[in-house]
Amino acid sequence: MPELPEVETIRRALVEPLTGKRIVSAKLKLPRLLLDFPPAEFAAKLRGQTVKAVIRRGKYLVLELSKDSLIVHLGMTGQLTAAPARAPENPRFLRTVTGLQKPEGVHPVDKHTHMVLNLDKGDRLLFRDPRTFGKLALVPGASWKTHPRLAKLGPEPLEMKPEAIARTFPANSLRPVKALLLDQEFVAGVGNIYADEALFRAGINPKRKVKTLKSDEKLRLLKAVKDVLRKGIKYQGTTFSDYRKPDGGKGDNYERLLAYGRGGFPCRACGTTLRKTVVAQRGTVFCPVCQK
DNA sequence: AATTCGCCCTGTCGGC
DNA sequence: TGCCGACAGGGCGAAT
């Protein structure tokens with residue numbers, strides 16, 4: 001699922017193809033993805049606006065336009081693709097050992113393509129989301145910062161000082177520490193993949209109650225969060241099913257993960273079989289030896 | 001107030 | 001081969 005490193009990868013890849021481009025027309029094919037706005041006005045409102053900036057906040061992507069801002073959340077399976085003019089219109093999906101997959105570097109328009117922005121010179125921005133957990137919102141000016149979805153987000157983990165955030169751990173909380181990492185009001189942008197990765201790196205059991213964490217463990221954990229997010233960005237995100245870069249390519253981080261997706265496989269640190277369990281209603285992989 | 005639970009959704013996969 | 005249930009899970013609103 002797209003977490004901070006995936007959304008940041010997408011953001012960086014969209015800056016060049018979108019900045020300064022004018023929206024010639026827009027089509028919203030699945031109106032229920034749109035929050036707080038009459039779907040009928042959506043396309044008309046977007047038409048003629050120019051993209052001024054492409055911003056990320058947590059797992060949210062924001063297109064700042066000349067008049068309004070378009071907020072995009074990719075949910076679980078959302079994909080944004082920048083389709084240059086003359087890209088193949090309806091490429092066949094390829095059947096591979098891992099199922100149906102889109103060929104690299106092409107841009108499908110199919111039944112899961114829920115929004116199309118037609119830009120200058122035939123370029124397009126496509127939003128595709130098979131499971132439709134994604135969300136779109138159009139808000140006036142730069143008011144995205146105060147949109148209910150974004151206003152309560154915690155600090156950006158890559159900009160935070162671990163020493164400062166360590167002090168914000170609730171002192172008496174009985175929650176499992178993984179639940180805190182997934183809480184977007186604590187820090188913004190960490191999801192299931194990078195929570196497991198950070199806990200593994202920090203050597204902390206995901207079920208540990210927050211109140212039992214010692215200050216050096218909090219510091220270690222927050223540093224691990226930054227490390228795994230930076231690594232995710234470096235390798236352009238984790239692709240194991242739907243995540244794709246805006247050019248259609250896959251991220252390279254999946255095979256580099258230490259915990260997520262590795263239940264039943266040997267720990268890369270000590271060789272013990274990694275255990276798969278459920279913590280905070282999420283599938284969770286950890287090493288019973290390395291993570292205390 | 002803090003925390004957990006149920007729900008939304010569709011493609012994939014294992015079992016029979 | 002095909003059907004069916006389980007599973008994947010971000011975030012919100014309801015329930016505890």
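Every chain is numbered from 1, with letters handed out A, B, ... down the list of sequences.
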With a non-hydrogen cut-off below 4.0 angstrom, is A:Met76 in contact with a base, only sugar-phosphate, or nothing?
base
Upstream residue (5' side of DNA chain B) when A:Pro176 and A:Pro130 are each assigned their closest nucleotide:
A:Pro176
Given atom CG of A:Leu174 and atom P of B:dT3, what is their separation to the nearest angstrom?
7 Å
Hey, are A:Glu197 and A:Arg201 close enough for a salt bridge, meaning a charged N less than 4.0 Å from a carboxylate O?
no
Spacing of A:Leu74 atom CG relative to C:dG9 atom P, expressed in whole Å:
17 Å
Length of the line joining A:His112:NE2 and B:dC9:C1', which is rounded to integer Å:
11 Å
Choose from B:dC9, C:dG9, C:dG11 the nucleotide whose nearest atom is closest to any side-chain atom of A:Arg32.
B:dC9
Interatomic distance, A:Arg128 CZ vs B:dT10 C1' [rounded to whole Å]:
11 Å
Round to the nearest Å and state the distance from A:Leu35 atom CG to C:dG10 atom P.
17 Å
So A:Tyr260 and A:Phe240, ring pair (Phe, Tyr, Trp, His ring centres under 6.0 Å) or not? Walk me through it.
CA-CA 11 Å; A:Tyr260 183 89; A:Phe240 60 92; 5.5 Å; yes
Residue A:Gln281, side-chain heavy atoms: nucleotide from C:dG11, B:dC5, C:dA8 that is nearest
B:dC5
Give a yes/no on whether any side-chain N or O of A:His73 is located under 4.0 angstrom from OP1 or OP2 of C:dG10.
no
What pair of heavy atoms forms the shortest contact from A:Leu138 to A:Phe37, and how long is it?
O-CD1, 3.6 Å
May I have the distance from A:Lys178 (atom NZ) to B:dT3 (atom C1'), rounded to whole angstrom?
17 Å
A:Tyr60 side chain, from C-beta outward: closest of B:dT4, C:dA8, C:dG11
C:dG11
Starting from P on C:dG10, measure out to CG on A:Leu150 and report it in whole angstrom.
17 Å
Test: A:Glu156 and A:Arg57 ion pair at under 4.0 Å:
yes
Using a cut-off of strictly less than 4.0 Å, decide whether A:Tyr260 has a side-chain nitrogen or oxygen near OP1 or OP2 of C:dA8.
no
Counting just side-chain N and O atoms, does A:Lys276 come under 4.0 Å of either OP1 or OP2 of C:dC7?
no
Donor-acceptor pair (no angle test) under 3.5 Å: A:Arg131 side chain, B:dG11 base
no
Want to settle it: does A:Arg282 or A:Ser173 sit nearer the 5' end of DNA chain B, counting the closest nucleotide to each?
A:Ser173
Of all the choices, C:dA8, B:dT3, B:dC9, which nucleotide is nearest to the side chain of A:Thr132 once you look at every atom?
B:dC9
For B:dG11, does OP1 or OP2 lie under 4.0 Å from any side-chain N or O of A:Lys111?
yes
To check you understand the geometry: which heavy-atom pair defines the closest contact between A:Thr284 and A:Arg282, and what is its length?
OG1-O, 2.9 Å
Does a nitrogen or oxygen in the side chain of A:Gln184 sit under 4.0 Å from OP1 or OP2 of C:dG11?
yes
A:Phe133, nearest nucleotide to its side chain (from C:dG11, C:dG9, B:dT10)
C:dG9
Please determine if a side-chain N or O atom of A:Lys135 lies less than 4.0 Å away from the OP1 or OP2 oxygen of B:dC8.
no
Could you tell me whether the phosphate oxygens of C:dC12, OP1 or OP2, come under 4.0 Å of any side-chain nitrogen or oxygen in A:Arg149?
yes
Between B:dT3, B:dG11, C:dA8, which nucleotide has the shortest distance from any of its atoms to the side chain of A:Arg175?
B:dT3
When the distance from CG of A:Asp183 to P of C:dC12 is rounded to whole Å, what number comes out?
11 Å
Assess A:Arg256 against A:Tyr235: is NZ or CZ under 6.0 Å from the centre of the six-membered ring, and within 45 degrees of the ring's axis?
yes
